[in-house]
Number of protein chains: 2
Amino acid sequence: MTMDHHEFKDKILTAAAKNQVIVFSCNCIVWYSGKAESYLGPGDRLVVIKADKTILVHQPSGAAPINYMKAGTTVNVNLSDEGEMFLNCSNIPLKDYLDMKINHVHFLESYGLEDGQSIQIAGTEDDMSQMLYENPHLIEEGFKPVSREEQTKYGYIDVMGTDNEGKLVIVECKKYNADLSAVTQLRRYVEKIMASKGLKRDAVRGILASPKIGANAQQMLEDWGFEFVSVRPPKYLERYDKNQKSLADF
Amino acid sequence: MTMDHHEFKDKILTAAAKNQVIVFSCNCIVWYSGKAESYLGPGDRLVVIKADKTILVHQPSGAAPINYMKAGTTVNVNLSDEGEMFLNCSNIPLKDYLDMKINHVHFLESYGLEDGQSIQIAGTEDDMSQMLYENPHLIEEGFKPVSREEQTKYGYIDVMGTDNEGKLVIVECKKYNADLSAVTQLRRYVEKIMASKGLKRDAVRGILASPKIGANAQQMLEDWGFEFVSVRPPKYLERYDKNQKSLADF
DNA sequence: ATATAGATCTCGTCA
DNA sequence: TGACGAGGTCTATAT
């Protein structure tokens, strides 16, 4: 495909005005200025301009965009007298600027995409805290949950309850590996509760519930008198088989 | 553009075999199973298959992909007897599976992208800690930095030094707003140093250096006897003007 | 491989 | 709008 600069400019501006999703591949140089500044030398990239004017610049490898602009960006194409082409993007409220010198366009497509669907996810930390709330014996025998996802001034405590001696128990759960920040997070909640209820340290138990915990995190947990309970994340829906038998389970 | 299933399958597999970057727009349903499970009902999406077999599924809005697969994924296209088409992606080592029922393809392009460039970024937290190391008066008069980015057993301490009384000072810097986790992070470092050097609490000062700090974080900081120093993130390169005069500065 | 922390994090949620 | 925390975070770096 050959595409001259004027054709590129026309296609971009027309599609952008219609809030189409635009994608093109090109050889380019990229400058960004805003919360940080960056420069990316010449190379081939894939550029996406979304319906909400989110802009993504992707290299041929890697999951994350190498450069991007948030939704609400203004897009312009400018041609210089010397025959150079620039894609100039600005988001004034955010003080973000992204500029590309486009040396060569490999292809360009645009289309009006319609999608009102929201994703449904199972197996999150929220599912895990719900599992613990509904199956308190997974923490220990005698544990009585009182609240879940308590997002008050005490903090966003996953599960709170009492043990068989009536002592307050605060549970922080992690889906995967519990690390140092998980321990400090638990500690922060315990201290908030202590302060707000005027309790002493030995009147509150802190429990970190996760599949596993790192050695350093374990040490810090013990140093602070907290406990670790090994809990597997909730069993997800069965992987649907090749006949899609269980697709309807969603 | 009209494209039948066999043509789609052929184009995908051919381009994937050549490690081209593939992008197509389609109406589809998406299932994911791996670290979690998800379902996304029918809608229009943009799908990218990169040279390293990273796969991204994007909705028309938003910066983040709604589904993705990490590099090294195996891609297949399967046609059912009933005329249905599926893009089946699997990453066996990661136990990740992504499957799409593709109802209609709006467009498809692929191209062999070459890009050996690495991005250059200014204005990161690392730049900020370097600025403080080289301009210690920004912390306070008499501050003498000793180490930077100390990633030893003591932790990843941004800047460490001594004040004009010879007391140990630990600085944690944040580019933007310092929040509760920044305070607990600082606290963790101070405690590690205290423990490793056998120092008492009043022998170590902890300073949080950032442009601003939240009210709750400020309170926690004071509760723990730490200090806040207002520091602006490093001045970036001047925004290049419209004549690209300063582009060569990179 | 694991551990640790930053990120122009993004995204959702709630006061 | 800001604050707070989760994320299939991703990515880079060090051990």
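Order of the sequence lines fixes the chain letters, A, B, ..., with proteins taken first and strands second; residue numbering starts at 1 for each chain.
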Can we say A:D158 and A:R148 salt-bridge, meaning some charged N sits less than 4.0 Å from an Asp/Glu carboxylate O? no
Which nucleotide wins on minimum distance to the side chain of [X], given the candidates [options]?
X	options	result
A:R188	C:dG6, D:dG5, C:dA3	D:dG5
A:N216	D:dA6, C:dA3, D:dG8	C:dA3
B:L98	D:dG8, C:dC11, D:dC10	D:dG8
A:K174	C:dC9, D:dA6, D:dG8	D:dA6

Position toward the 5' end of DNA chain C (nearest nucleotide), A:D96 or A:L180: A:L180
Could you check B:E125 against A:K70 and say which one's nearest nucleotide on DNA chain C is further toward the 5' end? B:E125
What's the [atom1]-[atom2] distance between [X] and [N], to the nearest Å?
X	N	atom1	atom2	value
B:I119	D:dA12	CD1	P	10 Å
B:I213	D:dA3	CD1	C1'	13 Å
A:D127	D:dG7	CG	P	9 Å
A:E172	D:dA6	CD	C1'	10 Å
A:D158	D:dC4	CG	P	16 Å
A:M128	D:dG5	CE	P	18 Å
B:R148	C:dG6	CZ	C1'	14 Å
A:I121	D:dG8	CD1	P	5 Å

Note: contacts of residues 54-63 of chain B with DNA chain C (heavy atom, under 4.0 Å) are B:G62, B:A63
Any A:Q185 side-chain nitrogen or oxygen under 4.0 Å from OP1 or OP2 of D:dA6: yes
For C:dA5, take OP1 and OP2 only and decide whether either is under 4.0 Å from a side-chain N or O of B:Y189. yes
The criterion is side-chain hydrogen bond (donor to acceptor under 3.5 Å, both in side chains); which residues satisfy it with B:E191, sequence neighbours excluded? A:R187
Restricting to side-chain contact (heavy atoms from CB on, under 4.5 Å), what partner residues turn up for [X], sequence neighbours left out?
X	answer
A:A217	A:L180, A:V183, A:I213
B:P145	B:Y133, B:P136, B:F143, B:V159
A:A195	none

What I want to check is whether the side chains of A:N19 and A:K53 have a donor and an acceptor closer together than 3.5 Å. yes
Strictly by modelled atom types, are B:R188 and A:T184 linked by a side-chain donor-acceptor pair under 3.5 Å? no
In whole Å, measure the gap between the C1' atoms of C:dC14 and D:dG8 for me. 25 Å
Distance between the P atoms of C:dT8 and D:dC4, in whole angstroms? 22 Å
Return the set of residues passing salt bridge (charged side-chain N to carboxylate O under 4.0 Å, His left out) with A:E222 (not counting sequence neighbours), or none when no residue passes. none
Name the nucleic acid region contacted by [X], choosing base, sugar-phosphate or nothing; use a 4.0 angstrom heavy-atom cut-off, strictly under.
X	value
B:D179	nothing
A:K212	nothing
A:Y68	base

Distance-minimising heavy-atom pair for B:M100 and B:C28: CE-SG, 3.5 Å
Base D:dG2 paired with B:N177 side chain (donor-acceptor, <3.5 Å): no
Is there a donor and acceptor pair closer than 3.5 Å between the side chain of B:N67 and the base of D:dG8? yes
Stacking between B:Y156 and C:dT4, defined as ring centres under 5.5 angstrom apart with planes under 30°, is that present or not? no
